[in-house]
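Below is one structure; the comments refer to it alone.
Naming: A, B, ... by sequence-line order, numbering from 1 per chain.
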2 protein chains.
Amino acid sequence: MAQDTARPSPRRDSSSITLQDIAAHSGVSRSTVSLVLRESPLVADRTRLKVQRSIKELGYVYNRGAAALRGSRTSTLGVVVYDIANPFFGAMVAGIDAALNKEGYVSFLANSEDSPQRQQRFLERMREHSVDGILLCPAEGTPPSLIDTLAEWQLPCVQVLRHIGAPPFDYASSDFVLGVHQAVDHLVALGHRRIAFLGGYAEHSATQERWQGYAEALAHHGLDYQRLIRGNVTRSAGLELIETLMREAPRPTAVICHNDLVAFGAMLGLKRLGLTPGQDCAVIGTDDVEEATLGDPALTSVATHPYAIGEEAARLALRRIADPDGAREQVVLAPRLQVRESCGGSLTETPATSPATAGSPP
Amino acid sequence: MAQDTARPSPRRDSSSITLQDIAAHSGVSRSTVSLVLRESPLVADRTRLKVQRSIKELGYVYNRGAAALRGSRTSTLGVVVYDIANPFFGAMVAGIDAALNKEGYVSFLANSEDSPQRQQRFLERMREHSVDGILLCPAEGTPPSLIDTLAEWQLPCVQVLRHIGAPPFDYASSDFVLGVHQAVDHLVALGHRRIAFLGGYAEHSATQERWQGYAEALAHHGLDYQRLIRGNVTRSAGLELIETLMREAPRPTAVICHNDLVAFGAMLGLKRLGLTPGQDCAVIGTDDVEEATLGDPALTSVATHPYAIGEEAARLALRRIADPDGAREQVVLAPRLQVRESCGGSLTETPATSPATAGSPP
DNA sequence: TTCTAGATTTAGACCCATCCAAAAAGATGC
DNA sequence: GCATCTTTTTGGATGGGTCTAAATCTAGAA
């Protein structure tokens, strides 16, 4: 109670100061200090100020580990992606980070490298660390039962980009079906009739949705030509696949690519074949990465907004944590076709389609 | 002790099982179970097996939060980068993740967006979470005192790619000085005499080292021409900077770029000016990202091995955690010039320089 | 002045593992 | 059989918060 000004402030070994010390210093109980720390409205203003002064003066450091032990939240989240070196995921993680940061959350990140085993190990570790929830981009070959396991563990999980297991589940992604529709519509409007689709394997929901959109859109426009080449979704895959494709007869006059990397590879492949992208063959990518603007030619691309997806996924996770039994949600952002030179249209930039609204996944 | 087979295994609400339950079930004390969990050699084999069986049978989940409260380690690390959307950092984070994973560590990731404030907030939060250490790529404008602050906090910190504060400090990076030397040497061998350097600002140690290498190498070869253009390190910056540069007289015959993004921008800029990269002007990048192989033309680049840097940084952090007062280390990997088409040499790939050995930073 | 609802504050149990010192059990030597 | 070492095991204190229910303190009502 009395201000002991006799000795210089008895600041102990930095962070060994506890609630008890603050309580003693400010003349209240441990409980009250705890309430102040958690910004409870129960505490009277005078008391709050007094305690806050002590906290600052003694250089107190909140111990979240201890708090988590008794309390119910850790303010941590686990995030699993399968290829963090891919800039798409980089942007997505940036979005997640920004959204979590606002709410005082921090996230553990794991790169599964598309290995279900690594993914599993990480999730078990997350359980041991008692994270409040999981953001999961499921690795290729993840058993659908994983979602049930997480549910048994009482660990809220938001699936991102890909989904496994049976609905209803929490999910955040882009509407890939709609994206391909937009691309096909645009090409048809430009007069194309032979439109191919490049890249992807059937295992992922995200690929299946693209293919579904492709088939639907062709049917919708009454087009007969249909050519879908499976393959990896890398630059070099695009390079190889386009060579196969252009050797066929009849050739397509346009290709839609699984992502921008494939599209860049395809454009390079066209050039190596002596063809001009956008003139001899239109190319449309997916994702609209930064590089698309500065390609040669600039790439028309279905923008899938990874940063926004990351933000939405994080926010959805926070909602689910706050209300674990709430109705499952699917936040599926509408993509937007970004028209540039690679599909031979004019060089002017045309705002192409509807503004962002929610669609629905299969 | 007696196997209570009367009722179906009394598996309670999933994860509410504690050491106490295991102890009771296997007929030993809590302490012994704890020793088993930590793989202590003190425990007799018979006992260990018995306990492990109980652990499995009851579906026990280790509570790391509780362990951390009493013990001294959390097996967690904080990682701060300033631009996770950049594939270079993506690869680096992948390396960090892989190295940590092997040792049972997990990491919190934050994207500072080059904001010292965000970085500061994150570091404070990491302290509250009692991470065992920090991997820090300091944000632009980070006060050098931050390193002292972390030391006061008793938080081991390995700086990565950039460094601030006074030596000795723990640091993992690439030898940027040597990288530029390699690039200049190669260009000089090809007959170039007017070599410019593109991009970067003086604030970062990583930029300063590149510039130092540039100046040193020119002096070493007795070249008079010296032209260094500051600027951002993005694709579009490269595009703009090269235009400025090529309008000068005399023009350089070669440019070395701060990173590959700048180099790609520069190549695009050359094409827009009607010049051919590798013929009218040689271009060399830094980092050797995947895309370099598939550029048009393929880009000669100083490979800086981000994945390896990430691994080394993580391992160094683990060493420092194990031995907080050990001598500070600087792990600086030697880069390697990857010769391709963009500097006009032949199209054959020449293994250019020495294999990886450690160099030393300024 | 006494009573009471509402606003504040608090004591003490609790979360779940780890640490330490000391006890118990087993092995060995004479 | 007893003392002496080892090898194993263990009780109880401990870490630093949060939770609950109850205690205390107001100010306005009766």
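Using a 30° and 60° split on the angle between ring planes, A:Tyr171 and A:His163 fall in the perpendicular class, above 60°.
Between the CG atom of B:Leu69 and the C1' atom of D:dT18 there is a distance of 12 Å, given to the nearest Å. The distance between atom CZ of B:Arg70 and atom C1' of D:dG16, rounded to the nearest whole Å, is 11 Å. Summarising the geometry, the separation between CD1 on A:Ile22 and C1' on D:dG16 is reported as 12 Å, rounded to the nearest angstrom. Between the C1' atom of C:dC15 and the CG atom of A:Asn63 lies a distance of 13 Å, rounded to the nearest Å. As rounded to whole Å, 11 Å separates atom P of C:dA13 from atom CZ of A:Arg30. At whole-Å resolution of the value, CG in A:Leu42 and C1' in C:dA7 are 8 Å apart. As a whole-Å value, the separation of A:Gln20 CD from D:dG15 C1' is 13 Å. As rounded to whole Å, 14 Å separates atom P of C:dC15 from atom CG of B:Leu19.
For B:Arg30 and B:Ser34, the side-chain atoms include no donor-acceptor pair closer than 3.5 Å. Side-chain contact, A:Thr32 with A:Ser29: a donor N or O sits under 3.5 Å from an acceptor N or O.
Both B:Ala67 and B:Ala44 sit near DNA chain D, but only B:Ala44 has its closest nucleotide nearer the 5' end.
Just one residue in the list A:Gln159, A:Arg162, A:Gln119, A:Gln120 forms a side-chain hydrogen bond (donor to acceptor under 3.5 Å, both in side chains) with A:Thr142, and that residue is A:Gln119.
In terms of phosphate contacts, A:Thr47 brings a side-chain nitrogen or oxygen within less than 4.0 Å of OP1 or OP2 of C:dT9. B:Tyr60 has a side-chain polar atom (N or O) that falls below the 4.0 Å cut-off from OP1 or OP2 of C:dA17. For the pair B:Ser29 and D:dT10, the criterion of a side-chain N or O lying under 4.0 Å from OP1 or OP2 is met. The phosphate of C:dT18 (OP1 or OP2) has a side-chain N or O of B:Arg38 nearer than 4.0 angstrom.
B:Val28 comes within contact range of the sugar-phosphate backbone alone, with a heavy-atom separation under 4.0 Å but no base atom that close.
In the set C:dC15, C:dA17, C:dA11, C:dA11 carries the atom at the smallest distance from any side-chain atom of A:Ser31.
Taking the six-membered ring wherever Trp is involved, the centroid distance between the rings of B:Phe108 and B:Phe122 does not fall below 6.0 Å.
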